[in-house]
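Chain identifiers are assigned alphabetically (A, B, ...) following the order of the sequence lines, protein sequences preceding nucleic acid strands; residue numbering begins at 1 within each chain.
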Amino acid sequence: MARLTGRGFGKVRPGRGVVLLCAAVYFLLPLAASVIFTVDVPGQGVNFDVYEQILGAEGFVSSLLLSLELAAATIALVLLLMVPAMVALRLGARRLRPVVEIVCALPLVLPPIAFVAGIATVLKWGPEYFSTTPLFQTFVAVQNPDFPVVLVLAYTVMALPFVYRALDAGLRSIDVPTLVEAARNCGAGWAQALVRAVLPNLRGALLNASFLTLALVLGEFTVAQILKFRPFAVWIVGIGGSEAQMSVAVSVLSLFVTWLLLLAIAAAGGRTPSPTTTEK
Amino acid sequence: MTLTAPQPKAAAVDTAATVEFRGLRRAFGDTVALDGLDLAVRPGELLALLGPSGCGKTTALRMLAGFEHPDSGEVLVDGEDVTRVPAHRRDAGMVFQSYSLFPHLSALDNVAFGLRMRKVRTGERRARAAELLELVGLADKGERYPHQLSGGQQQRIALARALALRPRVLLLDEPLSALDAKVRLTLREEIRRLQQELGITTLFVTHDQEEALSMADRVAVMRSGRLEQCAGPAELYGRPATAFVAEFVGTMSRIPGTLVDGGVEVLGRRLPVDGDAPSVSEVDVLVRPEAVAVRADDASDARVVATAFLGATTRLTVRLADGTEVKADLPARETAALGAGAAVSVSLPERPVLVAERRH
């Protein structure tokens, strides 16, 4: 086995190289071209004025912060919802698994535009219909522009398919019922068994789920735009609209911001001993 | 590998618990896992629950651990009804069939997990865990993670973890079935030695009769949710109470015979019947391979159809004239001339034999 892999490494495999090269060209060439286009001003050489303009523009910090807050709230909500549900599916209600799987996949087939149209209708109709009840205040509160809870709720639904997949993969690699029973046999109650024996082994899956949710929330435009909120994606489209160089610069910038945040999450999650045991 | 018990044996046996199952019933949908199981385990003994898969042995064990609840019946530990006590307060250490160590914790932390749940102080916890690791011969593997340990080592750590809280009962749910043959043998002996040194009442679930007979003080053979027989290994093998036990424990051949006033006619001679005879006259005589005598006989219609070399003995499979196959164990040196196809005659010693209703 060792010899086989050794040979694999030593020998150049032209097939792989070609694929890697094609992929690199496909992904990196447009990116490089974009970066060059934004920094290379004709007649003035290389400068970063466009980026300075963006960073100095009104709303950069506030919209980015709003997006981060939304992302944090969405991650918290979707994990609180899905982790107990999916662990419960493994422990007891196995028959409900296909049901949950289908429900969680629905947001994929539902176009965001249809989704947000429904939300917008409810938000319009609700306050009128409930104007004399305390629910009126609720409708106002969820649309608070400083922190639109309605976006968190919408993003939670939209993140379900990704979170389901990520958690399902993580749960597949561990034997949840046995771990819970072993923990209970050692004197741990239900809650302790979950927190001490199951969750630590789902670290990778939780991280992946957070990753995907963060990327989704940072890049989401349709729902936020139509409901007239202004998180990062909406702001960035607004500012880049008129000028060619500026609009390319904002997309490059948003790409790097997302990358940086994903790297930050990865770093925060750490890469200590892999919880998935492969040697079994 | 030396094993040292943390406490003297006498003291341990004094405190060992009794376990009793009373009329346990449990059905999963249409499947009846336990159909009125009554069984008592004596203090400090290792009792093996033996039976084919689906006989309810694991369900019984899991009821004692608190992972299953009976539809009716009671589980008693030291005379105290624990049927309604939740699993985490049961005071029963369990080793699971599948590898059940917490993958994110080192071996030492795995063993210390229960102590942590009981809020034992860190220093004391580590000392106790280290002591237990030494007990199972893995004192130097404390910092390893489960995926860095072999299957046998993982099960030893699991054993140490099960013993960490000084439980009243030790439950072993086929702990050796995932291991390879050689590791299984050594670990089997070690578990037995450890159990005897600690004097802890132990229930051991297995479908491997050799494992049960070699380790246990008593073996409880189960079939379809009920107890067939509970006895010491020698009695179980020598005087099985039912035809099921006779055939499940060890190898048994059936030879057709006829009941004739108190005796049974088989292979051309009349032998006394051991135990109760069935009411029909057409019966099968149950014989162990070591009780069957085989010798070369050119006049006979019986033929050797297969031989299997087992070391000290060779197991011959002989087909009688009527098509019945009989297994016989002979000292290896006597079987040199008895290859497949050899004509032989088969006889039984002048001893009482077990009979069972003829199976069609």
Problem set entry | Top contributor to chain A interface from B/R118, B/Q97, B/R161 [non-hydrogen pairs under 4.5 Å] | B/R161

Problem set entry | Interface moiety of B/F102 toward chain A, non-hydrogen atoms closer than 4.5 Å | both

For this session: Assess whether atom CZ of B/R192 is packed by more than 12 heavy atoms of other residues, nucleotides or ligands within 6.0 Å.
Result: yes

Exercise. Is B/F28 atom CZ crowded by more than 12 heavy atoms from other residues, nucleotides or ligands, each under 6.0 Å away?
Worked result: yes

Quick one: closest heavy-atom pair of [X] and [Y], and the distance?
{"X": "B/G66", "Y": "A/R184", "value": "O-NH2, 4.3 Å"}
{"X": "A/T178", "Y": "B/S100", "value": "CG2-CB, 3.4 Å"}
{"X": "A/A188", "Y": "B/M117", "value": "CB-SD, 3.5 Å"}
{"X": "B/F113", "Y": "A/C186", "value": "CD2-CB, 3.7 Å"}

Exercise. If we only count heavy atoms from C-beta on, is the A/R203 to B/H104 side-chain gap below 4.5 Å?
Worked result: no

Exercise. Is there a side-chain contact between A/L179 and B/P103 (heavy atoms, below 4.5 Å)?
Worked result: yes

Exercise. If you round to the nearest 0.5 Å, how far is CG of A/D175 from OH of B/Y99?
Worked result: 13.0 Å

Problem set entry | Approximate separation, where rounding is to 0.5 Å, of A/N201 CG and B/L105 CG | 7.5 Å

Problem set entry | chain B contact via A/E181 - side chain, backbone, both or neither, heavy atoms under 4.5 Å | both

Exercise. Given that the side chain runs from C-beta out, which part of A/A183 has a heavy atom under 4.5 Å from chain B: side chain, backbone, both or neither?
Worked result: both

Problem set entry | Close contacts, residues 79-95 of chain B versus chain A, judged by heavy atoms under 4.5 Å | B/A87, B/H88, B/A92, B/G93, B/M94

Problem set entry | Partner residues of A/F256 under the ring pair (Phe, Tyr, Trp, His ring centres under 6.0 Å) criterion, sequence neighbours left out | A/W259

